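The first residue of the sequence shown is numbered 1, and numbering continues consecutively from there. Nothing here was measured: the structure is a model prediction, and the numbers come from that model.
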Amino acid sequence: MSPVQQKKMQELSLIFSQGKANPKQIQQLSELLAQINRVYEQHENFISQPR
């Protein structure tokens, strides 16, 4: 996770923990998690490739 993604995740986490998330912030979290998942899947695919 990049430093920018990590900061955004911390901000959104705080907002969600306070129960104050609005639809835009929910969408931002969804997009951020999708980005992180794509990187994770690429990493997993790279590791599992035969050498």
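Sequence neighbours left out, not one pair with a member in residues 27-38 passes salt bridge (Lys or Arg N to Asp or Glu O under 4.0 Å).
Rounded to the nearest 0.5 angstrom, N37 CG and L33 CG are separated by 6.5 Å.
The minimum heavy-atom distance linking M9 with L29 is given by the pair SD-CD1, 3.8 Å.
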Between side-chain atoms of residues 10-17 and protein atoms elsewhere (two or more places apart, or another chain), which donor-acceptor pairs fall under 3.5 Å?
unit_1	atom_1	unit_2	atom_2	d
S17	OG	S13	O	3.3
S17	OG	L14	O	2.8

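Legend: residues meeting side chain to side chain donor-acceptor pair (under 3.5 Å) with N22, ordered by chain and number and at least two apart, are Q25.
Using modelled atom types, one side-chain atom of Q5 and one backbone atom of S2 make a donor-acceptor pair closer than 3.5 Å.
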